[in-house]
Amino acid sequence: MTQNPDTQHAQTPSLPAQYLPGEVEQRRYERWVAGGYFRADAHSDKPPFTIVLPPPNVTGSLHVGHALDHTVQDALVRRKRMQGYEALWLPGMDHAGIATQNVVERQLAAQGLSRHDLGRERFIERVWRWKEESGGAILGQMRRLGDSVDWDRERFTMDPGLSRAVQTIFKRLYDDGLIYRAERIINWCPRCLTALSDIEVEHSDDDGELVSIRYGEGENSIVVATTRAETMLGDTAVAVHPDDDRYRHLIGTEVELPLTDRRIPIVADEHVDPEFGTGAVKVTPAHDPNDFEIGQRHHLPSLVVMDERGVITVPGPFEGLDRFEARPAIVAALREQGRIVAEKRPYVHSVGHCSRCKTTIEPRLSLQWFVKTGPLARAAGDAVRDGRVRIEPPEMAKRYFAWVDNMHDWCISRQLWWGHRIPVWYGPEDEVVCVGPGEEPPSGEGWRQDEDVLDTWFSSALWPFSTLGWPERTADLAKFYPTSVLVTGYDILFFWVARMMMFGLYAMDGRQPFDVVALHGIVRDQHGKKMSKSLGNVVDPLDWIERFGADATRFTLARGANPGQDVPVSEEWCQGSRNFCNKLWNATRFALMNGAHVDGDLPAVDELPTIDRWILSRLQQVTAEVDEHFEAFEFAKVCDALYHFAWDDVCDWYLELSKPVLAAGGRAGEIRRRVLGHVLDRLLRLLHPVLPFVTDELWTALTGGETVMIAAWPTAAHELRDEAAESEVAMLQRVVTEIRRFRADQGLRPAQRVAARLDGLADAGIGEHESLIRALARLDEGGADFRASATLAVAGGVAVALDTRGAIDVAAERARLEKDLAAVEKELAQARAKLANPAFVEKAPEPVVAKVRERLANAEADLARITAALEALPA
RNA sequence: GGGCGCGUAGCUCAGUGGGAGAGCACUCGCCUUACAAGCGAGGGGUCGCAGGUUCGAAACCUGCCGCGCCCACCA
């Protein structure tokens, strides 16, 4: 790193030349917490703005996806707080039943232990210890990210209060007939040894083989096709379509089931597709959901042929074999009997896997608890349909409807230990008593509580109101429900959002849990690939925070966050964000060194020079854009607008244009100091939601205020919009850029002073800025002795001539002019063609036509100017 | 099988009816006293393909090709 020691000196700036996030972030966060700025007051008069944090699982630490989620929420909350809302961001964590239990079981396994070695009570104690450890790590990460959550209201899904909420709603649903217990086919994980809900099953296309097996003998035999030969031991029928002529004569007869001593009926069922396979289906009601339905319709018995680990239990040669060992063994045995008619391999079909451990799901007949989703799901769909709840982006609503409108009953019992125990007691005479909170469970001989716990999403579904104190009628609930925005990834739309809707509407008497669902995408790597340990492209947010700062990390994520779209990130982009923070740092540092300050009102507009009116006008425009984009959850656009305003307008132009007047001092200098202070003040406020740390550090240094956190959010002042100033500065910028390009083309080094005369500035309306133009383009006053000239292209048909005293590189200049000429001629041809088209002139809106006319005029003027310049070039 | 989305510069993405953009990367020149984590200038795209609508299409419609995701009781 080259650094001129002389530049480090003199003014003894109070701020170092580089932004060093580490120390600043820690100090700032402690002050925010100590100042109580994160605390929300349920009794204030301010309008509420509420976000409940989607509770992270206590399974480890936060990943970069959480960092995105938190950044978005923090930005929303910080802005609303500045806007004067009573802003509550409520933090907490999820006990994450099966996921957490698996983590702890893996830890035990490493010591050669299983949960059964410890027993239920000691195992749960062990999980609680892990929860403290993991939870503590997560809280630390949230602080590092800068989350402005109300720590006094932190919740955990297994807190006593939230557990009461679980019991309360369970009891209420049970009494309303919306929770029931039944023997059904459920998704069973033979490794986790628990039932799973439909959405905890991931389907993938796996290779299998479809074998055709002849059941029965001779004329009355029938051939069935299956991918799961091992389940044939549990077959209790063969089904064919009632209209299938091939099999009509067999309906009502029985066939011998091979490898067993049983005979099974052939039944007719509409469900069978005559086109598929042989058109005859083996029916195994205990091991296939469709077959179960067929079995119900035809009163078939259900034979369970496997235990909970997927091991065959039918006495005989296959007993004790795992289901995947049994399959080839049974096929081999059948082949020996000459019963395998055809095999098709590989046959790709969809197979369900446990979302936690990837084990192949075994559909299994078992007695479980269910939520009857029909009425709840209908209400959840209607709330979105009638506009009470808005889903952003709206396209995602389609997915939501597709799901809530086709929802099966929800299996909520889990054969786990970590979670909310099902509040149901069974009596000695098979009595069933659902026990509400505060009620005494039945006691006495033979009574026992259900061993199972609830699906972890059952308690998550209560999160927007259980965290506010429900079922008590708390001040929090009155003030902060419904919550304002739910921010989460589209990947848990079904898992969580739909279920919060169902339970929220049910428990809160039809009041929705949130007004808006703002969905973001998944964080991916710089090539759009999903992050995974095996690809080695996982980003640890703490790593980035350490190296680039929390603000840079947040900015990188927010900058990629288009609604509902995945967010690609990379280390280089985070570096870029860090650089942006540093840019802000140095801009403010420059301003402070030059005496910029914030006090009182701005000078009257008519007293302001063009340059100030221009930057103030741009500021209003950006303020309006930022507000618009915030309201639309367009965080990428919020970041983009502020990035370009800060870097391009403020740093590259406004500060550069200000250097002469700041150096000169006087009244003009004083005005500039105040406007500069004002612009930075507002810019830092606008950036604060996304970049909380660096903006607070700079804003307090600039203004002497307490914290930018509670500074008022800027509103756009339309009276400060000034199109004349904007176009004047645009012209100035074009002239400066043209001269710089000429210099670059001519190989004139920046340090090389060039004496030159500028003509045409007054015609371009920027005559008063000549000295500024000279300063930015590094041109000295020219003498009379010009030997070469270059004429610069400028909009509006105005040419500004620049004559240099020294000889120029004629070839280079000619080449450039010829290139410009070609471009202008093309432009000219296009504009002429358009205007020559009567249909265009007639039908196109007037402003469009006017614009083309203007383009034509400009092009004509440019053509003349360039031609003249070419002719003026020495041969 | 059903549904959704995407295809724009080397990479990642904005742009939804009127002169092709940004960040990063790249080339050239610079320590020009806020910032080399910087400054200035520049190169680079028949907007997936083919039709259609329109005075005008990257944008709207249809089809095709390619990619991704979600859902599903495909024996």
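Here is how names work: the chains are called A, B, and so on, in the same order as the sequence lines, proteins then strands, and each is numbered from 1.
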Euclidean distance for [atom1], [N] against [M] (whole angstrom):
{"N": "B:A57", "M": "B:G44", "atom1": "P", "result": "25 Å"}
{"N": "B:G48", "M": "B:U8", "atom1": "C1'", "result": "10 Å"}
{"N": "B:C55", "M": "B:G42", "atom1": "C1'", "result": "37 Å"}
{"N": "B:C31", "M": "B:G21", "atom1": "C1'", "result": "32 Å"}
{"N": "B:A14", "M": "B:A20", "atom1": "C1'", "result": "12 Å"}
{"N": "B:C74", "M": "B:G56", "atom1": "C1'", "result": "49 Å"}
{"N": "B:C11", "M": "B:C65", "atom1": "C1'", "result": "23 Å"}
{"N": "B:C61", "M": "B:G17", "atom1": "C1'", "result": "14 Å"}

So what does [X] hit on the nucleic acid, given a heavy-atom distance under 4.0 Å: a base, only sugar-phosphate, or nothing?
{"X": "A:Asp652", "answer": "sugar-phosphate"}
{"X": "A:His408", "answer": "base"}
{"X": "A:Ser350", "answer": "base"}
{"X": "A:Glu656", "answer": "base"}
{"X": "A:Ala751", "answer": "nothing"}
{"X": "A:Pro838", "answer": "nothing"}
{"X": "A:Lys583", "answer": "base"}
{"X": "A:Arg743", "answer": "nothing"}
{"X": "A:Pro568", "answer": "sugar-phosphate"}
{"X": "A:Cys581", "answer": "nothing"}
{"X": "A:Tyr19", "answer": "base"}
{"X": "A:Ala280", "answer": "base"}
{"X": "A:Asn582", "answer": "base"}
{"X": "A:Leu655", "answer": "base"}

*Might you work through the salt bridge (charged side-chain N to carboxylate O under 4.0 Å, His left out) test for A:Arg741 and A:Asp820, ending with a clear yes or no?*
CA-CA 13 Å; A:Arg741 190 170 80 156; A:Asp820 287 353; 3.3 Å; yes

Looking at [options], which one has an atom nearest to any side-chain atom of [X]?
{"X": "A:Phe840", "options": "B:A75, B:G5, B:C55", "value": "B:C55"}
{"X": "A:Asp640", "options": "B:A22, B:G19, B:C35", "value": "B:A22"}
{"X": "A:Glu827", "options": "B:G19, B:A37, B:G23", "value": "B:G19"}
{"X": "A:Phe494", "options": "B:G23, B:C70, B:A72", "value": "B:C70"}
{"X": "A:Arg399", "options": "B:U54, B:G5, B:C69", "value": "B:C69"}

In whole angstroms, how far is the [atom2] atom of [N] from the [atom1] atom of [X]?
{"X": "A:Asn579", "N": "B:C24", "atom1": "CG", "atom2": "P", "answer": "8 Å"}
{"X": "A:Phe580", "N": "B:G38", "atom1": "CZ", "atom2": "P", "answer": "12 Å"}
{"X": "A:Lys282", "N": "B:A75", "atom1": "NZ", "atom2": "P", "answer": "11 Å"}
{"X": "A:Asn586", "N": "B:A36", "atom1": "CG", "atom2": "P", "answer": "7 Å"}
{"X": "A:Asp205", "N": "B:C74", "atom1": "CG", "atom2": "P", "answer": "12 Å"}
{"X": "A:Ile739", "N": "B:C39", "atom1": "CD1", "atom2": "P", "answer": "21 Å"}

*Kindly assign one of parallel, tilted or perpendicular to the pair A:Trp544 and A:Phe548, based on the angle between their ring planes and the thresholds 30° and 60°.*
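Ring orientation, 0 to 90° scale: perpendicular.
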
*Parallel under 30°, tilted from 30 to 60°, perpendicular over 60°: which one fits the rings of A:Tyr19 and A:Trp585?*
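Taking A:Trp585 first and then A:Tyr19, their aromatic rings sit tilted (interplane angle of 30° to 60°).
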
Taking pairing as Watson-Crick or G-U wobble with both contacts under 3.5 Å, can you name the mate of [N], or confirm there isn't one?
{"N": "B:U46", "value": "none"}
{"N": "B:C67", "value": "B:G5"}
{"N": "B:G51", "value": "B:C61"}
{"N": "B:A25", "value": "none"}
{"N": "B:A34", "value": "none"}
{"N": "B:G19", "value": "none"}

*Under the 3.5 angstrom rule, does the side chain of A:Asn594 hit a backbone N or O of A:Arg673 as a donor-acceptor pair?*
no

Is any side-chain heavy atom of [X] less than 4.5 Å from a side-chain heavy atom of [Y]?
{"X": "A:Thr226", "Y": "A:Val281", "answer": "no"}
{"X": "A:Val539", "Y": "A:Val523", "answer": "no"}
{"X": "A:Pro274", "Y": "A:His241", "answer": "yes"}

*Would you mind telling me which residue lines up with the more 5' stretch of RNA chain B, A:Val852 or A:Glu275, judged by nearest nucleotide?*
A:Val852

*Quick one: on RNA chain B, does A:Val841 or A:Pro21 contact a more 5' nucleotide (nearest heavy atom)?*
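Upstream on the strand: A:Pro21.
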
OP1 or OP2 of [N] less than 4.0 angstrom from a side-chain nitrogen or oxygen of [X], does that happen here?
{"X": "A:Gln565", "N": "B:A14", "value": "yes"}
{"X": "A:Asn406", "N": "B:A72", "value": "no"}
{"X": "A:Arg855", "N": "B:G19", "value": "yes"}
{"X": "A:Lys637", "N": "B:G15", "value": "yes"}
{"X": "A:Lys659", "N": "B:U32", "value": "no"}

*Measure from NZ or CZ of A:Arg339 to the centre of the six-membered ring of A:Tyr215, then state whether that distance is under 6.0 Å and the direction lies within 45° of the axis.*
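No, cation not above the ring by the 6.0 Å, 45° rule.
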
*If you draw the axis of the six-membered ring of A:Phe370, does the NZ or CZ of A:Arg184 fall within 45° of it and under 6.0 Å from the ring centre?*
yes

*Look up atom CG in A:Leu557 and atom SG in A:Cys574, then write down how far apart they are to the nearest 0.5 Å.*
7.5 Å

Please write out each protein N/O paired with an N/O of nucleotides 41-46 of chain B under 3.5 Å, distance rounded to 0.1 Å.
{"unit_1": "B:G43", "atom_1": "OP1", "unit_2": "A:Lys819", "atom_2": "NZ", "d": "2.6"}

*Only one of A:Phe555, A:Phe645, A:Trp573 forms a ring-ring contact (aromatic ring centres under 6.0 Å, His included) with A:Phe580, so which one is it?*
A:Phe555

*Report yes if a donor N or O on one partner sits less than 3.5 Å from an acceptor N or O on the other, where the partners are the side chain of A:Gln18 and the base of B:A37; otherwise report no.*
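Flag set: donor-acceptor pair detected.
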
*Hey, could you give me each pair passing salt bridge (Lys or Arg N to Asp or Glu O under 4.0 Å) that has a residue in residues 549-573 of chain A? Not counting sequence neighbours.*
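Pairs touching residues 549-573 of chain A that pass the test: A:Asp74-A:Arg554, A:Arg524-A:Asp566, A:Arg547-A:Glu571.
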
